[in-house]
Amino acid sequence: MGLLRTHQIAEIPDEPGAEVRIAGFVETVKEVGRLVFVWVRDRTGVAQLTLKAGQVDESLIELAKSLNTHDVIAATGRVPEKRAARVGMELIPRSIEVLSRAERLPIDVTGTVQTQLDTRLDYRPIDLRSPRNQAIFRIQHSLVKGMVEYLDSKGFVQVFTPCIIGAPSESGAEMFEIDYFGRKAYLRQDPQLHRQLLMVAGFERIYDLGPSWRAEPSHTPRHLCEHRGCAVEFSYISDERDVMALEEELLVAGIKRVLEENSRDLELLGAEVEVPKRPFPEVRFPEVYRILSEMGKEIPYGEDLDRQAERMLADYVREKYGAEAFFINRFPFNVKPFYVMRVDEDPFWARSVDLIYRGLELSSGGQREHRYEKIVEQVRLKGMSLESVSWFTEFFRYGAPPHGGFNIGIERLTMALLKLENIREAVLFPRTPERFLP
RNA sequence: GCCUGGGUAGUAUAGCCAGGUUAGUAUACCGGCCUGUCGAGCCGGUGACCCGGGUUCAAAUCCCGGCCCAGGCGCCA
């Protein structure tokens with residue numbers, strides 16, 4: 001592929017005498033006496049060019065000595081009779097072509113001196129050259145691929161729902177306001193409501209892979225202003241347990257793909273990954289209050305969990321079930337948005353489910369209310385004006401199947417899977433309250 | 001948004017509390033030595049106290065203001 005090179009570095013044949021042309025970034029130039037070693041890295045690995053006086057032209061040795069770290073070069077050479085380089089493949093070069101010169105790098109991408117995340121993000125395209133960073137995104141790719149393959153196998157259709165919406169009707173989080181031809185519009189904070197409208201439309205099984213935006217000035221290692229989600233919605237469920245079962249299988253499918261395809265990347269990152277055992281444990285409200293109380297944490301009846309409570313529940317589940325992934329079900333309706341389905345027999349509680357993995361909230365979801373009168377009632381209970389959400393609610397007058405879904409945060413999942421210390425490591429170009437460049 | 005901590009060469013850090021030598025170290029970079037390096041080694045060199053104001057004989061160090069960063073909480077994916 002491509003005429004500039006004949007081989008990617010990992011594909012160089014282990015045949016003495018074979019001539020190949022490779023290209024990549026210069027990783028290091030080392031002079032040992034009159035010997036010169038040049039390490040070249042492409043996305044597949046490292047090769048060493050070995051320049052020995054008498055074996056290659058003097059002018060080539062001079063050129064090699066003049067190379068800078070991260071110059072981009074192409075080199076033609078042959079595989080030596082006896083390979084001495086431990087770093088990877090070795091070539092005796094016949095020619096070296098400098099494709100692009102590099103100034104001294106502003107950050108260390110080798111890991112010899114750890115650069116702080118914020119500085120690395122200032123120079124993100126260069127930071128991303130490190131094998132470690134590339135491993136993160138290859139793994140993320142496999143995760144998403146595994147999930148998509150699973151959904152496809154179950155007949156789900158990938159759809160694209162709007163990112164610009166005309167009314168700030170979803171729950172809680174602040175939205176980014178934009179100028180829409182002189183009118184106010186908003187960037188979605190979740191594809192939630194449009195997914196539901198596709199259930200009204202009779203699509204039955206869909207997923208939307210796309211961005212969401214939160215205008216919250218969150219200063220934590222697990223929040224972004226822009227993140228991606230794998231948002232799933234499907235119809236004809238009997239209750240929220242069907243949603244949980246699907247979510248379990250989805251997560252397992254993604255993680256299995258990573259284990260199948262990324263063993264070297266996982267090793268490079270020192271990440272320990274296991275496929276979570278199914279079924280995932282479930283803890284329910286109001287028992288959650290009792291569990292926490294026994295652990296010494298009092299949350300008033302009917303109130304939401306805080307971060308500490310979430311972590312304590314994760315500890316509880318790990319100890320009791322040995323599980324890293326679990327569900328929290330039946331949240332109090334008063335802490336959830338208007339569209340969730342309440343439990344008919346005890347409407348204080350909602351069929352609303354969070355998925356926690358390695359102590360981190362990966363998704364919210366559950367069964368949605370599909371009965372028009374109930375939706376209207378819940379809008380009123382939330383103190384919202386029916387008018388503000390009628391663009392959504394009105395369609396439920398014309399028939400809607402029972403349905404549910406969830407939205408798994410891709411960056412959160414990547415972060416938890418690889419035990420990254422900061423979610424910004426799991427995004428190419430993170431958007432946080434302080435940063436929207438590069 | 002509230003709270004806490006921080007800002008010293010390209011990068012990462014020591015020094016600050018207890019103000020006073022040429023601001024130390026690692027790495028990067030430049031030059032030199034070395035014919036098998038692979039975190040190469042050895043020798044030499046370049047290079048820094050976030051900005052503004054104040055206290056003081058003297059400020060990287062103490063005080064005030066600003067800007068920037070990180071983390072905790074809240075919100076959540």
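Throughout, a chain's letter reflects where its sequence line sits, starting with A, and its residues are numbered from 1.
Ion pairing between a basic and an acidic side chain is recognised when a charged N comes within 4.0 Å of a carboxylate O; A:Arg330 and A:Glu287 show no such pairing. A salt bridge links A:Arg21 and A:Glu97; the closest N-O separation between the charged side-chain nitrogens and carboxylate oxygens is under 4.0 Å.
When the P atom of B:rC75 is taken as reference, atom CZ of A:Arg412 falls 13 Å away, rounded to whole Å. If you measure from atom CZ of A:Arg307 to atom P of B:rC2, you get 22 Å, rounded to the nearest angstrom. Spacing between atom CG of A:Asp122 and atom P of B:rU11 amounts to 9 Å, rounded to whole angstrom units. Per the geometry, CZ belonging to A:Arg129 stands 17 Å off P belonging to B:rU11, to the nearest Å. Protein atom CD of A:Glu361 is 7 Å distant from nucleotide atom C1' of B:rA77, rounded to whole Å. The interatomic distance linking A:Asp304 (CG) with B:rA77 (P) rounds to 11 Å, in whole Å. Here B:rG74 presents its C1' atom at 13 Å from CD of A:Glu174, a figure rounded to the nearest Å. Spacing between atom CD of A:Glu103 and atom C1' of B:rA28 amounts to 14 Å, rounded to whole angstrom units.
One finds no side-chain N or O of A:Gln116 lying less than 4.0 angstrom from the OP1 or OP2 phosphate oxygen of B:rG6. Taking 4.0 angstrom as the limit, A:Arg222 places a side-chain polar atom (N or O) nearer than this to OP1 or OP2 of B:rC73. The side chain of A:Thr69 contributes an N or O atom lying less than 4.0 Å from OP1 or OP2 of B:rC29. Close to B:rA28, at under 4.0 Å from its OP1 or OP2, lies no side-chain N or O of A:Asn68. Side-chain N/O atoms of A:Thr119 include one lying less than 4.0 angstrom from OP1 or OP2 on B:rA12.
Interface remark: the A:Ser218 side chain does not form any donor-acceptor pair with the B:rC76 base, using a distance-only criterion of under 3.5 Å.
Put simply, A:His219 does not rest on the base of B:rG71: the two rings are not both less than 5.5 Å apart at their centres and under 30° in tilt.
Judged by the 6.0 Å distance and 45° axis criteria, A:Arg124 is not positioned over the aromatic ring of A:Phe429. By the 6.0 Å and 45° rule, A:Lys382 does not stack over the aromatic ring of A:Tyr339. Cation-pi check for A:Lys30 over A:Phe37 is not met; the charged atom does not lie both under 6.0 angstrom from the ring centroid and within 45 degrees of its normal.
Residue A:Arg424 is the one, among A:Arg424 and A:Glu411, whose nearest nucleotide of RNA chain B lies closer to the 5' end (criterion: closest heavy atom).
For the P atoms, the distance from B:rA26 to B:rU46 is 15 Å, rounded to whole Å. On the P atoms, B:rG15 is 29 Å away from B:rC57, given to the nearest whole Å. Between B:rC49 and B:rU61, the two C1' atoms lie 10 Å apart (nearest whole Å). B:rG7 sits 13 Å from B:rC16 when the C1' atoms are compared, rounded to a whole Å. Taking the P atoms as reference points, B:rA59 lies 14 Å from B:rA23, given to the whole Å. One C1' atom belongs to B:rC51, the other to B:rC67, and the distance between them is 7 Å to the nearest Å. Comparing the P positions of B:rU4 and B:rC64 gives an interatomic distance of 13 Å, to the nearest angstrom. Using P as the reference atom, B:rA60 and B:rA9 are 14 Å apart when rounded to the nearest Å.
Side-chain N or O atoms of A:Glu411 include one that pairs as donor or acceptor with a backbone N or O of A:Arg228 at under 3.5 Å. A:Asp265 places no side-chain N or O within donor-acceptor distance of the main-chain N or O of A:Ile139, the cut-off being under 3.5 Å. With A:Tyr150 contributing its side chain and A:Val252 its backbone, the two residues share no donor-acceptor pair below 3.5 Å. Listed for the A:Arg195 side chain is a donor-acceptor partner under 3.5 Å among the backbone atoms of A:Phe406. The closest donor-acceptor contact from the side chain of A:Arg78 to the backbone of A:Val20 lies at 3.5 Å or more, if one exists at all.
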Between protein and nucleotides 35-39 of chain B, what N or O pairs are separated by less than 3.5 Å?
residue, atom, partner, partner atom, Å
B:rG36, O6, A:Lys52, NZ, 2.3
B:rG36, N1, A:Glu90, OE2, 3.4
B:rG36, N2, A:Glu90, OE1, 3.4
B:rG36, N2, A:Glu90, OE2, 2.6
B:rU37, O2', A:Lys30, NZ, 3.4
B:rU37, O2, A:Gln48, OE1, 3.3
B:rU37, N3, A:Gln48, OE1, 2.7
B:rU37, N3, A:Gln48, NE2, 3.3
B:rU37, O4, A:Gln48, NE2, 3.1
B:rC38, O4', A:Lys30, NZ, 3.2
B:rC38, O2, A:Arg86, N, 3.0
B:rC38, O2, A:Val87, N, 3.0
B:rC38, N3, A:Arg86, N, 2.9
B:rC38, N4, A:Ala84, O, 3.2
B:rC38, N4, A:Arg86, NH1, 3.1

Strictly under 3.5 Å: I want the nitrogen or oxygen pairs between protein and nucleotides 8-10 of chain B, one per line.
residue, atom, partner, partner atom, Å
B:rG10, O2', A:Pro106, O, 2.5

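Across all strands, A:Ile408 comes closer than 4.0 Å to no nucleic acid atom at all (heavy-atom distances). Nucleic acid contact for A:Thr115: sugar-phosphate only, since backbone atoms but no base atoms lie under 4.0 Å from a heavy atom of the residue. Within the nucleic acid shown, A:Glu434 comes within 4.0 Å of sugar-phosphate atoms alone, with no base atom in reach, counting heavy atoms only. Within 4.0 Å (heavy atoms only), A:Asn422 reaches sugar-phosphate atoms of the nucleic acid but no base atom. Counting any heavy atom pair closer than 4.0 Å across all strands shown, A:Ser212 reaches no nucleic acid atom. A:Arg311 comes within 4.0 angstrom of the backbone, heavy atoms only, and of no base.
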Check: Could you walk me through whether A:Lys277 and A:Glu324 pass the salt bridge (charged side-chain N to carboxylate O under 4.0 Å, His left out) check?
Finding: CA-CA 9 Å; A:Lys277 283 187 214 70; A:Glu324 294 188 305; over 6 Å; no
Next item on the list: Determine, step by step, whether A:Phe176 and A:Tyr186 satisfy the ring pair (Phe, Tyr, Trp, His ring centres under 6.0 Å) criterion, reporting the C-alpha distance in whole Å, the side-chain angles of both residues, the deciding distance to 0.1 Å, and the verdict.
Entry: CA-CA 6 Å; A:Phe176 286 104; A:Tyr186 305 88; over 10 Å; no
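With contacts defined as side-chain heavy-atom distances shorter than 4.5 Å, the pair A:Val343/A:Phe348 does not qualify.
A side-chain donor-acceptor contact under 3.5 Å links A:Gln192 and A:Arg368.
Counting only Watson-Crick or G-U wobble pairs whose defining distances are both under 3.5 Å, the stems of 3 or more consecutive pairs in RNA chain B are B:1-7 with B:67-73, B:10-13 with B:24-27, B:29-33 with B:41-45, B:50-54 with B:62-66.
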